[in-house]
Every structure is written in C-alpha cells, then in structure tokens.
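What follows is a single structure, written as structure tokens, with notes after it.
The analysis underlying the following values was restricted to heavy atoms, covering all of them including side chains, and did not include hydrogens, waters or symmetry mates.
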Amino acid sequence: MGSDVSPQMAFARFVRRAIDDAREERGWTVTDLATHTGVGRSTVFRWLAGDWQDYPELAKVRGFCAALDLPVAAAFRALGLPDAGPVPRRRGAEDAPVEADVRVILERLADPTVPTEEKHHIRDLLRYLARRPVRRAG
C-alpha cells in the first residue's frame, strides 16, 4: 500500500461513514447501530477512535457490514486485509495453496470457538511476517 494511513485511521473512517449513513438513511443512533449489528457501543467507539492494537474480530466486522448492507471487502481493505470472500482463480496454480492458507487463517480469526489467546498468536505472527525484510536472491 502506498498510503501513510494506518489501518486504525482507515477503518475509523470506514466506520464513521457507515455510522453517518445509518443515521441519515435509517435514523439510527450508535445504540441502534449496536443493537442491529451485534457490535457493542464500546467496540464501535474504539473502532471510531482507532483505539485498537489487535485487529477487530472479523466476525464482528462481518456482522457490522451485513446489518448495514456494506461490502465486507471494503471493511477488510480499510483494515489492510485481503478480502476473505471467495478467491477468484485469476493467477497461476502455484498461488492456490497460498490463497487457501490465507482463507484458513481468516476463518480461524473469525471463528468464535477459537480461543482469544490463539487469535493473538496468529495476529502477532502475521504482523511479524508482514514487517520483516524480504531477502531477494541474486
């Protein structure tokens, strides 16, 4: 990504637009939004403030988007995550195992039966891998 905007700031903007649209189109308050989306008021306010270190629970993001008729892919883009929807088969066959692995990881992060501690380990490892320098052969 060529942008200097953090995932927290980008997602906060996404949530702000969603809240403003819900207020304008449906007359919803933040309390109404929490009731309809299943995302607690305190979580909504944390998202708005960009006050999170670990990525928001993907199941909550999905519920938020579904209740507001928003594309989940847009929320995931704001978070800097790949779309967890069906992966189109545009690339060569050698990419398929990576896409399948990413899909499994996203499903584990969204699964409410996976312990929070395990989700923290997954996120920590992903952050490490995303930030480590790439060694080029040559």
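Taking CZ of F11 as the reference point, atom CG of L81 lies at 9.5 Å (rounded to 0.5 Å). The structure places CG of D21 at 11.5 Å from CG of D69, a figure rounded to the nearest 0.5 Å. If you take OH on Y55 and CD on Q8, they are separated by 7.0 Å, rounding to the nearest 0.5 Å. Expressed to the nearest 0.5 Å, how far CD1 of I19 lies from CG of L68 amounts to 9.0 Å. Taking NZ of K60 as the reference point, atom OG1 of T37 lies at 9.5 Å (rounded to 0.5 Å).
In terms of heavy-atom proximity, L48 sits nearest to A12 at O-CB, 3.3 Å. Contact detail for V5 and A10: the closest heavy-atom pair is CG1-N, 3.6 Å. Among all heavy-atom pairs drawn from P7 and L79, the shortest one is CB-O, 3.6 Å. Scanning both residues, C65 and P71, for their nearest heavy atoms gives SG-O, 4.1 Å. Taking every heavy atom of both residues into account, A67 and R26 meet most closely at O-NH1, 3.2 Å.
Between the side chain of D32 and the backbone N or O of T29 there is at least one donor-acceptor pair closer than 3.5 Å. T35 places a side-chain N or O within donor-acceptor distance of the main-chain N or O of T31, the cut-off being under 3.5 Å.
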Step-by-step ring pair (Phe, Tyr, Trp, His ring centres under 6.0 Å) determination, F64 to W47: CA-CA 12 Å; F64 182 84; W47 289 356; 5.6 Å; yes
Trace of the salt bridge (charged side-chain N to carboxylate O under 4.0 Å, His left out) decision for R17 with D20: CA-CA 5 Å; R17 277 194 300 268; D20 290 347; over 6 Å; no
